[in-house]
Amino acid sequence: TRPWLPIQLLGIGQHPQEPATPEGAVLRRESIGEVSRYLDELAELERDCLLLRYGGGLTAREIGLVIGRSEEATQKVMQRALAKLKEKYRGTPT
């Protein structure tokens with residue numbers, strides 16, 4: 001099987017703009033959980049590309065080498081995945 005890394009290990013919770021209030025911390029955790037669920041709903045390739053880009057700091061060219069696609073094709077995969085995440089996130093009730 002392909003190796004994978006849980007989103008919780010990517011350091012998202014240690015963002016430098018951590019909320020100063022307990023309420024802010026709860027809202028941030030809920031938001032991270034929501035994004036994590038949306039990532040789980042993406043196709044494996046889309047999720048892998050986004051995690052390599054934003055969790056691993058790889059460029060589109062480097063990700064392309066990992067997944068066996070051109071830099072341009074990798075960029076398209078990431079654009080589609082980000083568009084899906086934005087649509088789901090913005091479509092949630094507040």
Side-chain angles (χ1 to χ4, degrees):
T1 65
R2 292 174 55 171
W4 63 278
L5 181 64
I7 192 168
Q8 292 82 6
L9 297 180
L10 294 176
I12 293 172
Q14 282 105 47
H15 193 277
Q17 297 177 353
E18 192 68 34
T21 65
E23 294 85 6
V26 168
L27 290 173
R28 181 166 175 79
R29 274 194 303 273
E30 287 178 0
S31 181
I32 289 170
E34 200 171 9
V35 170
S36 180
R37 284 189 301 277
Y38 298 150
L39 279 169
D40 287 342
E41 294 174 8
L42 292 175
E44 184 178 8
L45 178 63
E46 293 171 332
R47 183 176 53 250
D48 289 350
C49 286
L50 291 182
L51 292 176
L52 288 169
R53 174 69 186 111
Y54 298 104
L58 274 65
T59 66
R61 174 177 279 176
E62 293 166 332
I63 295 167
L65 292 172
V66 172
I67 65 171
R69 299 217 177 173
S70 70
E71 181 177 357
E72 294 78 19
T74 301
Q75 288 174 336
K76 287 183 190 270
V77 169
M78 289 190 295
Q79 288 171 350
R80 280 194 305 269
L82 286 172
K84 288 179 183 179
L85 283 178
K86 287 178 186 176
E87 181 180 316
K88 287 178 178 289
Y89 193 75
R90 290 183 181 152
T92 59
T94 54

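As the structure is a computational prediction, the values presented were derived from the model and not from experiment.
Arg37 contributes atom CZ, which lies 11.5 Å from atom NZ of Lys88 (distance to the nearest 0.5 angstrom). Rounded to the nearest 0.5 Å, atoms CZ (Arg53) and CE (Met78) are 6.5 Å apart.
When all heavy atoms are compared, the tightest approach of Ile63 to Cys49 is CD1-O, 3.6 Å.
Using a 4.5 Å heavy-atom threshold, the side chains of Leu50 and Leu85 count as touching. Side-chain contact between Ser70 and Thr74 is absent, with no heavy-atom pair separated by less than 4.5 Å.
Legend: salt bridge (Lys or Arg N to Asp or Glu O under 4.0 Å) pairs involving residues 63-83, not counting sequence neighbours, sorted by first then second residue: Arg61-Glu71.
Under the 4.5 Å side-chain heavy-atom criterion for ILVMFWY residues, no single connected hydrophobic cluster contains both Ile67 and Leu65. With hydrophobic clusters built from ILVMFWY side chains whose heavy atoms lie under 4.5 angstrom apart, Tyr54 shares a cluster with Tyr38.
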Leu51/Leu39 under side chain to side chain contact (heavy atoms under 4.5 Å, CB included): CA gap, chis, key distance, verdict:
CA-CA 9 Å; Leu51 292 176; Leu39 279 169; 4.2 Å; yes
